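These figures come from a predicted structure and were not determined experimentally. Counting starts at 1 for both ligands and their atoms, in listed order. Counting from 1, the numbers follow the sequence of the chain as shown.
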Amino acid sequence: MSTVRQMEKSITVRLRRWLRLQRPLSGIALYGSTNALKLPFKNLVEEYKVAIVRSSMEFNFSKNPKVAGAAIEVYTGRKWKAKNELSLAEERLKTKTLLGTVAKGRAGLGFYPSSSDNTTRKDALLQEVRSGEEEIRVARMVGMCQQGAWTKWESILHRKIKWLEIWHHNISFLINAVYDTLPSPANLKLWNKANSPLCTLCGKTGSLKHVLSGCQKALADGRYRWRHDEILREIVDIINVAIQTAKPTSHRRAIVFVKEGTKPPKGYTTKFNVLSGAIDWGLKADLASRLIFPGHIAYTQLRQDIVCYSNKLKKVIMWQSTVPWEELAEEAYERKKLKYEELVEACRANGWKASCSPGEVGTRGFVARSLCKALSDMGLAGLNKRNALRTITNTAERTAKWLWLKRNSPWLQSKDIGR
Ligand SMILES: [Zn+2]
């Protein structure tokens, strides 16, 4: 085990250098399998343990009674024994079976499927060896105040980076931003590489959070507004397409109940969404000029991002997009929801069907579940939805990178900056 650990250490050093990541970045960021940003790298210690436990199981669970009864032990040195790891995995599997599937966040029961349905006992045990390793990594990450901040992200969709993206894109900014290891003034001071931890624009502590979402000077410059509009533009494009493909009818079929254990008949799933039933959808967005809320629906002083309305259906859908620091996404959602409650009520009082969907995209390109759900409500599904989410993510990431690069320079209003 000591040799394997030594090898893993040198792999980590080389990976970090190759990806141009900062030295303080923990190896857990590279290998964690439940991280908010999952990278395609495998941890050598974990793979070694799994391989040894697998071969140990081959002997001990053998169909040949002579082999199974011979109590064969795979030699692994003194530090770590496959036998102990296996009994630990068995214990964990037992506890897991007792516990069942647990609900997380706002997602309902059964949203996360249980994984132990179609796996053999051997596979389940190996999976437990892996989750044992992952548990240790997560526990260590939770203890890290700065790099482990992602463990507190709520209702944020996790991202998985594929090898192809690593080959074709420079992802060092993204990784360093997620784990807050970019050379921000505060970090440079922490690493003893600068004298002052202050933001060059406003003179407050210049952490990454400050640069990307909390600087008053940057806000006054219109930097955050620019980012917000860039993302909003993408969302408007997506909604535009959804409106154009809206179905003119919305005859809902009666609910067909399906017997337990049988599959629903083909073509049963309804393709209707909030836009179905009308093709006269009007779209207003707060982009080039200030959005004025349609007066025949309700009167309001509140500023909307996007308003879709159909006079035929007497239906209005409001969109509010925010770009919060990922830890504060849930808070931003609640705040926006509350803010527009009154307006929604006012529309309903005038006889309109109204809804407001706040959708958050994190400053580092992580999409919140609320935005994902709002897209589904508009009828986006499968590949279309994935593409839409990817576009939004990429825009958020690109704009964040630009704001970061320009953190010390004056802000020039130009049409195609940062593209
Ligand atoms: Zn500042």
Side-chain angles (χ1 to χ4, degrees), residues 20-25 36-37 144-150 152-153 156 170-233 286 303 305 320-333 335-336 339 358 360-368 392-419:
R20 275 176 287 155
L21 302 173
Q22 297 291 333
R23 275 198 63 194
L25 186 80
L37 185 73
M144 283 189 254
C145 157
Q146 212 168 315
Q147 291 190 32
W150 62 266
K152 289 183 230 117
W153 295 2
I156 293 276
N170 179 3
I171 60 157
S172 76
F173 173 79
L174 178 65
I175 301 176
N176 280 324
V178 168
Y179 298 100
D180 198 355
T181 47
L182 281 168
S184 62
N187 272 347
L188 286 174
K189 172 76 181 159
L190 195 74
W191 304 333
N192 258 333
K193 284 182 178 168
N195 294 325
S196 158
L198 301 180
C199 165
T200 45
L201 294 176
C202 72
K204 286 186 183 159
T205 311
S207 60
L208 180 68
K209 183 182 173 185
H210 177 87
V211 173
L212 289 185
S213 68
C215 184
Q216 287 302 318
K217 176 74 174 56
L219 182 71
D221 280 352
R223 295 177 195 226
Y224 301 150
R225 180 81 218 169
W226 165 76
R227 174 181 60 192
H228 176 265
D229 287 354
E230 288 286 304
I231 294 170
L232 187 60
R233 198 162 289 137
D286 190 36
R303 201 165 172 177
D305 277 338
Q320 207 53 47
S321 84
T322 357
V323 193
W325 186 245
E326 270 83 351
E327 272 115 290
L328 305 174
E330 187 70 10
E331 212 182 300
Y333 174 84
R335 201 176 55 232
K336 292 274 164 173
K339 194 176 166 190
E360 296 83 38
V361 195
T363 39
R364 288 158 284 184
F366 285 80
V367 173
I392 296 169
T393 296
N394 288 346
T395 314
E397 210 183 299
R398 169 174 64 79
T399 49
K401 205 169 178 177
W402 186 250
L403 288 181
W404 166 256
L405 289 173
K406 290 279 161 194
R407 65 192 181 281
N408 294 326
S409 341
W411 186 253
L412 300 169
Q413 285 284 351
S414 148
K415 246 193 159 183
D416 43 17
I417 35 177
R419 277 190 187 270

Point to revise | Distance filter under 2.8 Å, centred on the Zn ion (ligand 1) - protein N, O or S atoms that pass it | key: Cys199 SG, Cys202 SG, His210 NE2, Cys215 SG

Check your understanding: Checking salt bridge (charged side-chain N to carboxylate O under 4.0 Å, His left out) for the pair Asp286/Arg225: CA distance, chi angles, key distance, verdict?
Key -> CA-CA 11 Å; Asp286 190 36; Arg225 180 81 218 169; 3.2 Å; yes

Practice item. Return yes if a side-chain donor-acceptor contact under 3.5 Å exists between Asn187 and Gln146, otherwise no. Key: yes

Point to revise | Tyr179 and Pro24, any side-chain heavy atoms less than 4.5 Å apart | key: no

Exercise for review: Rounded to the nearest 0.5 Å, what's the gap from CG on Asn408 to OG1 on Thr200? Could you check?
Suggested key: 3.5 Å

Review point. Under the salt bridge (charged side-chain N to carboxylate O under 4.0 Å, His left out) criterion, do Glu230 and Arg233 qualify, and how do the steps go?
Key: CA-CA 5 Å; Glu230 288 286 304; Arg233 198 162 289 137; 3.2 Å; yes

**Study point:** Heavy-atom pair of closest approach, residues His228 and Val323
**Key:** CA-CG2, 4.3 Å

